[in-house]
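First comes the structure, then the notes that go with it.
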Amino acid sequence: MKQTILVTGGAGYIGSHTVLELLQHNYRVVVIDKQCSFQIDHPQVTYFQCDIADSSLIKTICLRYAITGVVHCAAFIEVGASVADPARYYQNNVIKTLQLLDTLRACSIDRLVFSSSAAVYGTPEKVPIPETHPCNPISPYGKTKQMVEQILADYYTAYGMRSMSLRYFNAAGAYPEYHLGERHEPETHLIPRVLEAALNGQRCTIFGNDYPTPDGTCIRDYVHVRDIARAHRLALEYLHDNAVCNALNLGSTTGLSVLEIIDQVQEVTQRTIALDFRPRRAGDPAYLIADTRQAKTVLQWEPEYSDKKAIVSSAYAFKREPIFQNNYQNHFLRDKNWIP
Ligand code: UFG
């Protein structure tokens with residue numbers, strides 16, 4: 001029988017790609033999300049507009065749909081906003097996750113894949129960064145991810161709740177064939193911002209060119225969102241067969257500078273981008289590169305789409321979609337009054 005997976009934040013950037021990956025592998029999916037972003041029109045997926053702290057609705061969904069595993073992507077994701085208003089981040093990312101976990105426990109669901117982040121490491125002592133590297137997050141956002149990982153470790157020991165935390169490095173790219181891609185409001189991430197500058201003829205801001213790197217700009221590890229989505233499915237399948245609580249890095253293991261990304265965008269778009277050099281952005285480490293050997297060992301996961309041209313080309317194709325340009329807003333098919 002097909003299993004049914006609950007994806008929180010399944011209408012968001014990484015969540016929607018994960019939903020597609022699960023559908024493509026014959027899972028049934030139920031999504032809960034607060035926002036109307038990306039929905040996939042498919043008979044095996046059902047969307048609910050719902051908060052992760054809405055325990056009574058989630059219990060009803062879990063029982064009605066016989067949910068066997070959960071991918072928990074719903075979270076606030078902006079580092080800068082978490083510094084400005086940490087209370088909002090701790091409330092949403094930690095307190096509400098605790099409520100969700102207790103709802104899942106009440107429904108005897110013991111398989112959870114958690115969206116974590118390279119932000120748990122803070123400023124790295126060395127790169128590439130293995131999972132054994134000390135976790136010293138420097139932003140409230142990173143701390144919320146570390147706290148949930150710690151809670152999951154305790155829940156495994158005490159209640160046997162199996163979990164895999166996936167520490168994404170720089171998620172990037174899109175799946176334009178399915179109208180899925182990156183669209184945050186506001187958009188702070190480098191690749192969509194450089195693409196916007198190229199398409200609109202605006203100047204592209206570079207935060208710092210005095211880092212101790214070959215061209216002075218920050219080096220990041222960009223990993224394609226489709227590779228990240230596949231890792232979620234593999235993690236769910238691993239947890240089905242193995243009782244563990246674990247954390248794995250997801251990256252491409254290749255470092256690219258801000259200027260290298262801009263060059264790639266210029267090549268793909270065939271446009272010249274004017275540059276605007278600004279001071280460093282607070283909290284940006286010079287290098288973030290993943291050591292992903294554990295993900296390969298545990299999940300047999302390796303990135304397939306994470307070369308820079310594939311990432312930038314797919315992100316560009318998505319940016320040119322009518323769905324993006326018309327500011328298309330989808331409507332949830334189901335609200336909380338609808339339970340079959
Ligand atoms: N950058 C610019 N100009 C821009 C936007 C970004 O120069 O307009 C630079 C940043 O300063 C940074 C690099 O591009 O050096 C990448 O920045 P992003 O904002 O795209 O990504 P981050 O590396 O800041 O953030 C990523 C994830 C976060 C996570 C963090 C871990 O998106 O969720 O890594 O440190 F928390």
Side-chain angles (χ1 to χ4, degrees), residues 9 12-15 73-83 86 89 93 114-124 127-129 133 135-149 165-174 182-184 186-200 202-225 228 249-252 254-265 273-290 308 311-312 315:
Y13 174 44
I14 292 170
C73 295
F76 293 155
I77 59 157
E78 266 181 72
V79 174
S82 79
V83 176
Y89 271 69
N93 291 6
F114 172 59
S115 288
S116 190
S117 167
V120 297
Y121 295 115
T123 305
V127 289
I129 308 171
H133 186 286
C135 288
N136 293 309
I138 53 174
S139 67
Y141 167 73
K143 288 176 192 168
T144 66
K145 294 295 177 184
Q146 183 192 28
M147 284 176 193
V148 173
E149 287 194 11
S165 296
L166 300 178
R167 297 174 177 167
Y168 319 145
F169 280 64
N170 285 62
E182 190 169 12
R183 188 179 58 193
H184 297 114
E187 188 55 78
T188 59
H189 291 126
L190 179 68
I191 293 174
R193 281 172 63 102
V194 180
L195 283 166
E196 270 158 36
L199 288 171
N200 302 333
Q202 294 160 346
R203 296 176 89 79
C204 173
T205 306
I206 296 178
F207 297 119
N209 62 345
D210 57 351
Y211 284 94
T213 60
D215 66 19
T217 64
C218 288
I219 305 271
R220 292 288 178 274
D221 179 334
Y222 296 89
V223 52
H224 200 292
V225 65
I228 291 181
N249 288 339
L250 298 182
S252 70
T254 305
L256 293 169
S257 75
V258 172
L259 288 175
E260 284 175 302
I261 291 289
I262 292 171
D263 278 348
Q264 187 62 53
V265 171
I273 302 168
L275 305 182
D276 181 12
F277 289 95
R278 297 280 178 89
R280 294 180 179 195
R281 203 172 61 173
D284 274 343
Y287 283 90
L288 277 178
I289 302 173
K308 64 182 174 179
I311 285 176
V312 170

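Counting begins at 1 with the first residue of the sequence. As the structure lists them, so they are numbered: ligands from 1, and atoms in each ligand from 1.
When each of Ile261, Ile191, Asp284, Thr254 is checked for a side chain to side chain contact (heavy atoms under 4.5 Å, CB included) with Arg220, only Asp284 meets the rule.
Side-chain atoms of Arg280 do not come within 3.5 Å of backbone N or O of Phe207 as any donor-acceptor pair.
Sorted by chain then number, the residues whose non-hydrogen atoms approach ligand 1 to under 4.0 Å are Val79, Ser117, Ala119, Tyr141, Asn170, Thr188, His189, Leu190, Arg193, Thr205, Ile206, Phe207, Cys218, Arg220, Tyr222, Val258, Arg281, Asp284, Leu288.
Under 4.0 Å is where a charged nitrogen must lie from a carboxylate oxygen, and between Lys308 and Asp263 no such pair does.
Note on ring orientation: taking the six-membered ring where Trp is involved, the planes of Tyr121 and Phe169 are tilted (angle from 30° to 60°).
Side chains of Tyr168 and Ser115: a donor-acceptor N/O pair is present below 3.5 angstrom, by distance only.
The neighbour count for Arg278 CZ, taken as heavy atoms of other residues, nucleotides or ligands under 6.0 Å away, does not exceed 12.
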